[in-house]
Amino acid sequence: MSSNVRVRFAPSPTGYLHVGGARTALFNWLFARHTGGTFILRIEDTDKARNTEAATQAIYDGLNWLGLDWDEGPFKGGNHGPYFQSEREDIYLRYFNKLKDAGHLYEEENGSWRFKSLRKVVKFDDLVCGHVEFDMSNAEIHPDITIRRPDGGWIFHFVNVVDDIEMGMTHVIRGEDHLSNTPKHVELYEALGVPHPQFAHIPLILNRDGSKMSKRDQGAAVGGYMEQGYAPEAVVNFLCLLGWSPKENREIFDIKEIIERFDLAHINRKAASFDLEKCHWMNVQYLLHMSLERFTQLARPFIDRAAIPYKNDAELTAVLAIVKEKTKQLDEVPDRISFFFTEDYAYEDEGVEKALKVPGALDKLTALAAAFEASETWTPEAIEATLKGTAAANGWKNKELIHPSRIAVSGRSVGPSLYHMMEVLGKDRTVARIRKTVEKFK
RNA sequence: GACCCUAUCGUCCAGUGGCCUAGGACACCGCCCUUUCACGGCGGUGACACGAGUUCGAAUCUCGUUAGGGUCGCCA
């Protein structure tokens with residue numbers, strides 16, 4: 001399916017990619033993918049003083065991580081480039097002269113240029129907000145906008161409109177903070193003699209307490225989700241449901257389902273508060289239900305960064321398979337698996353007190369090690385049978401073996417399923433670790 | 001302050017005049033499952049901002065008030 005829909009995400013590289021910006025990008029992307037249109041990335045770097053390389057890179061990284069691929073833009077090219085505003089000087093000059101010749105501009109004493117408002121009532125139908133009217137007739141309420149700096153630099157309102165014309169945008173989907181700017185833009189389109197694109201102003205994202213979400217707020221930077229080990233598909237799913245709803249009473253939708261269902265008409269008009277806890281829950285759901293292959297792929301950078309000394313992928317995968325269901329964020333993985341790969345694992349104080357430093361615990365472990373050593377098969381079921389059999393034969397409770405042996409083989413009181421953990425460790429290492437522990441705490 | 005947008009559980013959504021004694025999810029509180037921790041299951045607390053209308057009937061329509069957000073830059 002293809003269509004003539006053309007939408008863009010036009011960030012300014014002045015900081016980190018914000019979740020609000022990411023959601024704007026996401027809604028544009030979804031609209032393009034739903035309609036079979038084209039999604040364009042345009043970098044609005046007109047403010048030389050504030051733009052940075054790092055910020056530009058953060059935009060690429062964030063979009064790539066979220067899976068929001070663009071059809072035209074940096075690295076991709078396209079027939080409407082360049083896609084950096086800093087490289088479009090000649091185009092702006094052309095439009096500037098056009099406006100100037102038509103008498104729409106005037107120069108200030110300091111050398112900046114302003115656009116003379118048409119001083120009429122501006123009306124437009126916003127795809128999200130509905131019919132909107134602004135009475136622009138009063139210059140005190142709506143002063144003429146500046147479009148060019150004394151140094152020749154261009155101002156957002158002007159270049160944004162020029163590029164949207166030149167790049168053939170059919171829809172402008174952006175944050176509601178631009179709604180009040182829109183009548184100015186509509187006037188620019190009119191002065192240029194070009195019909196304006198359709199507008200869709202999506203509500204802003206607020207903090208839990210209703211305040212505006214700013215860069216410093218928790219959960220604000222997309223980079224934070226990458227570092228903490230959220231699954232990108234979970235963050236995407238969460239963001240989709242923030243201000244838009246497929247009208248079904250469920251929460252988990254894969255991206256294909258969302259693309260099928262997405263439409264601008266069902267975007268909420270109300271600003272949404274960002275609930276990090278729900279995002280976290282959604283991430284847990286994704287981690288729990290994704291394939292082991294996907295989990296391994298997502299966890300690997302964290303494991304490598306922590307320099308976990310696994311021998312080969314088979315060994316690593318076997319371990320990941322049993323910690324996957326407990327993992328809530330990928331950045332926990334190195335800690336959750338570290339004890340599998342060293343005999344020099346640390347013992348957790350509280351667990352040692354409760355499970356090992358109790359009368360008889362070490363003797364019971366010794367008996368358990370002997371029983372394990374004598375066992376023929378080493379499957380979770382067999383291990384469980386051996387453990388419970390040992391307990392029963394001696395008149396002990398199962399948990400009198402379970403808790404001490406968990407501490408003995410892992411150093412911890414919490415972790416994966418005990419029998420699966422022992423299976424992955426193997427019989428020899430399990431027995432050796434139990435005996436080593438007995439010696440250590442004698 | 002002016003202009004614009006908005007207003008359902010603490011939060012995210014459902015609800016577009018009767019199906020609502022308002023539904024789902026997160027969080028929270030019980031109970032159950034269980035070798036730990038989770039997961040899961042069951043149940044519970046909890047909302048139509050307020051006031052006038054319109055209508056036989058309003059969470060749903062209109063107006064006002066209040067509240068929140070946005071814009072008013074030589075930032076985007």
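Protein chains get the first letters and strands the later ones, always in sequence-line order, with residue 1 at the start of each. Please read these numbers as outputs of a predicted model, since none were measured by experiment.
Of the listed nucleotides (B:U71, B:A14, B:C3), B:C3 has the atom at the smallest distance from the side chain of A:F134. When distances run from any side-chain atom of A:T146 to the nucleotides B:G73, B:G69, B:U11, the shortest one goes to B:G73. Nearest to the side chain of A:K247, among B:G69, B:G15, B:U71, sits B:G15. With distances taken from any side-chain atom of A:V132 to the nucleotides B:C5, B:U71, B:C39, the minimum falls on B:C5. Counting only heavy atoms from C-beta on, A:W281 has its side chain closest to B:C26 among B:G73, B:C26, B:A7. Of the listed nucleotides (B:C4, B:C75, B:G24), B:C75 has the atom at the smallest distance from the side chain of A:D47. Comparing B:A76, B:G69, B:G24 against the side chain of A:E176 picks out B:G69 as the nearest. Proximity note for A:E277 (side chain, C-beta onward) versus B:C26, B:U71, B:G69: the nearest is B:C26. Here B:U71 is the nucleotide among B:C26, B:C75, B:U71 with the atom lying nearest to any side-chain atom of A:S180. Taking every side-chain heavy atom of A:I141 into account, B:A2 is the closest of B:C5, B:A76, B:A2.
Looking at A:K270, its side chain has no donor and acceptor atom pair within 3.5 Å of the base of B:A7. In terms of polar N and O atoms assigned as donor or acceptor, the side chain of A:D177 never comes within less than 3.5 Å of the base of B:A76 in a complementary pairing.
Side-chain N/O atoms of A:N268 include one lying less than 4.0 angstrom from OP1 or OP2 on B:A14. Using a 4.0 Å cut-off, some side-chain N or O of A:T46 falls inside it from OP1 or OP2 of B:A76. Contact between the side-chain N/O atoms of A:K397 and the OP1/OP2 oxygens of B:U35 is not found at any separation under 4.0 Å. Between A:R149 and B:C75 there is a side-chain polar atom (N or O) within less than 4.0 angstrom of OP1 or OP2. For A:K354 and B:U36, the shortest distance from a side-chain N or O to OP1 or OP2 is not below 4.0 Å. For the OP1/OP2 pair of B:U11 and a distance below 4.0 Å, the side-chain nitrogens and oxygens of A:S273 include no atom meeting the criterion. For A:Q285, a side-chain nitrogen or oxygen approaches OP1 or OP2 of B:G40 to under 4.0 Å.
Taking the six-membered ring wherever Trp is involved, the centroid distance between the rings of A:F238 and A:F274 falls below 6.0 Å. When ring centroids are compared, A:W244 and A:F262 come within the 6.0 Å threshold. Aromatic ring centres of A:Y230 and A:Y286 lie farther apart than the 6.0 Å criterion allows. Here the two rings, on A:F27 and A:H34, have centers that are 6.0 Å apart or farther.
Across the protein-nucleic acid pair, A:R261 atom CZ and B:C13 atom C1' stand 15 Å apart, rounded to whole Å. Nucleotide B:C75 holds its P atom 22 Å from the OH atom of A:Y16, rounded to whole Å. Note: NE2 (A:H18) to C1' (B:C75) measures 15 Å, nearest angstrom. Atom pair A:L276:CG and B:G10:P shows a separation of 20 Å (rounding to whole Å applied). A:D126 places its CG atom 13 Å from the C1' atom of B:U6, with the value rounded to the nearest Å. Atom CZ in A:R269 sits roughly 15 Å away from atom P in B:U60 (whole-Å rounding). In this structure, A:L179 atom CG and B:G70 atom P are separated by 13 Å, rounded to whole Å. Computed from coordinates, the A:N237 CG to B:C12 C1' distance equals 12 Å when rounded to whole Å.
Rounded to whole Å, the C1' atom of B:A52 lies 14 Å from the corresponding atom of B:A58. Separation of the P atoms belonging to B:U60 and B:U21 is 15 Å when rounded to the nearest angstrom. Remark: the separation of the P atoms in B:C42 and B:G24 is 11 Å, to the nearest Å. Taking the C1' atom of each, B:A47 and B:A14 are spaced 13 Å apart, rounded to whole Å. Across B:C61 and B:A7, the matching P atoms stand 9 Å from one another, rounded to whole Å. For the P atom pair drawn from B:C39 and B:C28, the interatomic distance equals 10 Å after rounding to whole Å. Nucleotides B:A59 and B:C9 place their C1' atoms 13 Å apart, quoted to the nearest Å. A distance of about 39 Å separates the P atoms of B:C29 and B:U66, rounded to the whole Å.
Looking at heavy-atom distances under 4.0 Å, A:S245 makes contact with sugar-phosphate atoms alone, never a base. Across all strands shown, A:P416 has heavy atoms under 4.0 Å from base atoms, whether or not it also approaches the sugar-phosphate. Residue contacts for A:H201: at a heavy-atom cut-off of 4.0 Å it reaches no nucleic acid atom on any strand shown. Within 4.0 Å of A:Y419, counting heavy atoms only, lies at least one base atom of the nucleic acid. Contacts of A:E251 with the nucleic acid, taken as non-hydrogen atoms under 4.0 Å apart, include base atoms. Looking at heavy-atom distances under 4.0 Å, A:L418 makes contact with a base. Heavy atoms of A:S417 sit under 4.0 angstrom from at least one base atom. Among the atoms of the strands shown, none is found under 4.0 Å from any heavy atom of A:G175. Heavy atoms of A:E384 sit nowhere under 4.0 angstrom from any nucleic acid atom.
Side chains of A:E44 and A:N160: a donor-acceptor N/O pair is present below 3.5 angstrom, by distance only. Of the N and O atoms on the side chains of A:R149 and A:T46, not one donor lies less than 3.5 Å from an acceptor on the other residue. In summary, the side chains of A:H142 and A:S117 do not present any donor paired with an acceptor at a separation below 3.5 Å, with no hydrogens or angles considered.
With a cut-off of 3.5 Å on both pairing distances, B:C75 has no Watson-Crick or G-U wobble partner at all. In this structure, B:U66 forms a base pair with B:A7, meeting either the Watson-Crick or the G-U wobble geometry with both donor-acceptor distances under 3.5 Å. B:C39 makes up no base pair with any nucleotide shown, lacking Watson-Crick or G-U wobble contacts both under 3.5 Å. Using the Watson-Crick or G-U wobble rule with both distances under 3.5 Å, B:C33 pairs with nothing in any strand shown. Within the shown strands, nothing qualifies as a pairing partner of B:U60 under the Watson-Crick or G-U definition with both distances less than 3.5 Å. Pair assignment for B:C20 gives none, since no Watson-Crick or G-U wobble pairing has each distance under 3.5 Å. Base pairing of B:C48: no nucleotide in any strand meets the Watson-Crick or G-U wobble criterion (both distances under 3.5 Å).
Using a 30° and 60° split on the angle between ring planes, A:Y347 and A:Y345 fall in the tilted class, from 30° to 60°.
Electrostatic pairing of A:R42 and A:E166 does not count as a salt bridge here, judged by no charged N lying under 4.0 Å from a carboxylate O.
With RNA chain B read from its 5' end, the first of the two nearest nucleotides for A:E140 and A:R250 is the one closest to A:R250. With RNA chain B read from its 5' end, the first of the two nearest nucleotides for A:H131 and A:F156 is the one closest to A:H131.
Across all their heavy atoms, A:Y225 and A:C279 have their closest contact at CE2-SG, 4.1 Å.
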